[in-house]
Amino acid sequence: MKTILFIITLAVGFQVKGQNIINHSPSGYDTPRNEIKKGKVDTIIYYSKTVGTKRKALVYTPPFYTKARKYPVLYLLHGIGGDEREWLKGGQPQIILDNLYAENKLQPMIVIMPNGRAMKDDRATGNIMAPDKVEAFANFEKDLLNDLIPFVEKKYPVLTNRENRAIAGLSMGGGQSLNFGLGNLDKFAWIGGFSSAPNTKTPELLVPVPDETKKKLKVLWISCGDNDGLISFSQRTHDYLVVKSVPHIFYIEPGVHDFKVWKNDLYMFSQLLFKPVDISSFNEYSVLGTPAATNVRSAKYPQIMPDGRAVFQIKAPDAQKVQLDLVRKYDMLKNSDGIWSITTDSLSEGIHYYSLIIDGLAVCDPSSEAFYGMGRMASCIEVPFKGDGYYKLKDVPHGDIRLKRYFSEVTRSWRRFFIYTPAGYDVNTSEKYPVLYLLHGGGEDERGWAEQGKTDIIMDNLIAEKKAKPMLIIMMDGNFSIGGNGFGENMLKAFTAELKQSVIPFVEKNFRAENDPENRALAGLSMGGIQTLYTGIYNTGLFSYLGIFSSGWISGMQDNIADAQYDFMKKNADKINSDLKQIWISMGGQEDIAFKNCKIMLSKFDEMNIKYTYSEYLGGHTWPVWRNNLFNFAQLLFK
């Protein structure tokens, strides 16, 4: 049978270039040096038509400044509690810049430090959070563009094109810099937000047309201290820019909301300005990463770096040897405080099982959530990527994952399954729903799809976008304690009996489930895919849809089972093709451990003219692949 092939590619991590990038200021970078040439700080007064009064700003001119040449300009903005002198008092930027000039690390530039509070009484006194004072920070955009920049360009020998104009700021000024810079790309090509405050516009408003932003930006710098309570505003901007493929530097450093952080930001950002840039190196700048989504509450590690590497730490002062087992084993290094750490190579997307091996004993990481996988509880790390929006939490109606216990007449024991009910299930009490029975793989159980698989989030998003019909999803336990492994025929028969005699009747009695074959689907990954093949093909009168993810009869182990099924399929090909609306088979590419077995099986299907759809999503035998399989398979069901 002719195979229909859909190839879906993905990013599998970032390549680190290994360039010699300095990612933090050295000791003494902000200490005055008597032996070097110094720049000059002056006060300027300009008339603001926007405000209707004269206003002050500080100007720094570089060492060896001369009116005989023209300079690019950096506009450097203060925070909500400061004024035009805040940088001078708290950050002493002239010292940082003088030292950089002495080391030939800067392009000569003029730096303007204005008062970003555009109102007649622009002092940082009284209630600095008063509505009129907050509004004045937004009004400064007009003052900057219409009054200050023209004044500077008239008074000083400056280059007046956008490629020679930069804007950056701290806190409230960081938000202003992002708002004004990204909102006026005809004026600015270099933009820096240091610990940007809540005045920062939402990413969708900051960058409404990403392709246009990409064309005009030279450098977009977004930074924050790792213990800064405002880091979420920088994080959300970064996340959006990743999804939209807008090049930028996301720089996380040790620190809080103070000048220790902002001085370092100025040191780093200023060295990038008005020079050729290599966007391929942008992900290499950050000192720290962001805590993984799979961390326990408040745990800083593991961290995901912008370039896809991960940093792990564990405090074990008495241990002699500690390793990270992340498929590859990494030897961790111990510091004087008894903390062991390691930075991995770049990791591929999605969720990865891992263990810490402490003096030979494999244990879960106390900083990470634990999941049942590999036949035991194991730690996991979730690696985001720009295509993961289909399993991101969104502002859509959400369904539930419920735990249901039932007594099995097959095993004569209490068992359980998880069930996904779509949004509105408890409201629309007369509505019945089709059902997908969704099976886990070997070494996992009924928790796999509910936890690692993110089934509820995937389905919530699909249903909200009307890409999938509302349905119930039953995530049952495919393990049975009857001897042998999950791939032998006795186990497969036990699974079939449990599904037919216990689970389906229980679901259709206790939930508002449609009870005809057209409204039932069966799918599974790996071992669950084999269970789907065995039960689904022999029971086409029960199901109309079968999904086989990263699976196929195992050569050498299941030849007798496979041959018997092929013989059955050959004799019943017309009935199978008639009964089943979809046999959907997907693999994780050639690196998927089931790839060869699947290809052998598909060649048999072709010989028998069995209809099926084949798809690939590169990523091997992993949860990122299976999440994507559910995303695509669910859209085909019950239509």
Side-chain angles (χ1 to χ4, degrees), residues 239 292-297 349-351 353 369-373 380-385 387-406 416-429 431-441 444-478 503 506-507 510-514 519-525 528 545 547 549 586 617 622-638:
D239 291 343
T294 35
N295 289 5
V296 298
R297 189 184 304 274
E349 64 165 86
I351 198 166
Y353 292 122
E369 296 283 359
F371 299 84
Y372 185 73
C380 280
I381 182 170
E382 181 82 38
V383 180
F385 75 110
D388 63 5
Y390 66 91
Y391 58 78
K392 290 280 191 183
L393 275 172
K394 299 178 182 177
D395 186 14
V396 300
H398 290 287
D400 296 329
I401 294 270
R402 311 181 188 196
L403 171 62
K404 193 66 179 177
R405 300 186 188 276
Y406 68 97
R416 68 179 191 175
F417 60 77
F418 287 93
I419 178 171
Y420 167 77
T421 57
Y425 179 82
D426 293 322
V427 177
N428 305 316
T429 55
E431 184 176 353
K432 287 191 172 183
Y433 296 86
V435 185
L436 166 62
Y437 293 86
L438 188 59
L439 312 176
H440 61 83
E444 295 169 343
D445 63 12
E446 68 276 11
R447 290 169 283 187
W449 277 108
E451 296 179 354
Q452 294 97 303
K454 295 185 178 285
T455 292
D456 58 327
I457 301 176
I458 292 171
M459 294 306 302
D460 288 343
N461 292 338
L462 283 174
I463 293 170
E465 295 172 13
K466 300 190 183 304
K467 291 181 178 179
K469 290 193 67 173
M471 67 185 77
L472 304 178
I473 299 182
I474 309 301
M475 294 157 274
M476 61 179 284
D477 185 0
V503 176
F506 184 89
V507 168
N510 291 278
F511 295 90
R512 297 195 312 280
E514 298 282 6
N519 287 292
R520 291 194 204 102
L522 180 64
L525 68 91
Y545 304 86
F549 310 157
S586 183
Y617 183 82
T622 62
W623 271 109
V625 171
W626 305 325
R627 290 172 178 173
N628 188 268
N629 293 163
L630 174 61
F631 171 75
N632 286 288
F633 182 61
Q635 298 181 60
L636 305 175
L637 300 179
F638 314 123

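- Taking the six-membered ring for Trp and thresholds of 30 and 60 degrees, W449 and F549 have ring planes more than 60 degrees apart, a perpendicular arrangement.
- Proximity of a side-chain donor or acceptor of N461 to a complementary backbone N or O of Y390 within less than 3.5 Å is detected.
- Across all non-hydrogen atoms, the minimal contact from I381 to T294 is CA-OG1, 3.2 Å.
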Exercise. Show your reasoning for whether side chain to side chain contact (heavy atoms under 4.5 Å, CB included) applies to M476 and L439.
Key: CA-CA 6 Å; M476 61 179 284; L439 312 176; 3.8 Å; yes

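- E369 and N295 make their closest contact through CG-O, 4.2 Å (heavy atoms, listed as atom of the first residue, atom of the second, distance).
- Using a 4.5 Å heavy-atom threshold, the side chains of F631 and Q635 count as touching.
- Heavy atoms only, all atoms of each residue included: I463 and P470 are closest at CD1-CA, 3.7 Å.
- Using a 4.5 Å cut-off on side-chain heavy atoms (C-beta onward), Y437 and V507 make contact.
- Scanning all heavy atoms of the two residues, the minimum distance from C380 to Y353 falls at SG-CD2, 3.1 Å.
- Ring-plane geometry between F506 and F417 is classed as perpendicular, the angle between the planes exceeding 60 degrees on a 0 to 90 degree scale with a lower cut at 30.
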Practice problem: Before giving the answer on side chain to side chain contact (heavy atoms under 4.5 Å, CB included), spell out for T455 and L438 the whole-Å C-alpha distance, their side-chain angles and the decisive distance to 0.1 Å. | Solution: CA-CA 10 Å; T455 292; L438 188 59; 3.9 Å; yes

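- Within the 4.5 Å cutoff, the side chain of K454 has no heavy atoms near those of the I351 side chain.
- Using modelled atom types, one side-chain atom of R512 and one backbone atom of Y425 make a donor-acceptor pair closer than 3.5 Å.
- P422 has its side chain within reach of L472: a pair of non-hydrogen atoms, C-beta onward, lies under 4.5 Å apart.
- We find that E465 and K394 are joined by a salt bridge, their nearest charged nitrogen and carboxylate oxygen being less than 4.0 Å apart.
- Of all the heavy atoms in F633 and G547, the pair that sits closest is CZ-N, 3.6 Å.
- Remark: side-chain polar atoms of D460 are paired, donor with acceptor, to backbone N or O of G399 under 3.5 angstrom.
- When all heavy atoms of L436 and L522 are compared, the pair lying nearest together is CD1-N, 4.2 Å.
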Quiz prompt | Pair D388-E349, side chain to side chain contact (heavy atoms under 4.5 Å, CB included): steps then yes or no | solution = CA-CA 8 Å; D388 63 5; E349 64 165 86; over 6 Å; no

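- Taking the six-membered ring where tryptophan is involved, the planes of F638 and Y545 are perpendicular, since the angle between them exceeds 60° and thus also 30°.
- Here K469 does not pair with E514 in a salt bridge; the nearest charged N to carboxylate O distance is not below 4.0 Å.
- In this structure, the side chain of H440 does not engage the main chain of R447 through any donor-acceptor pair within 3.5 Å.
- With 3.5 Å as the limit, one finds no donor-acceptor pair spanning the side chains of Y391 and N628.
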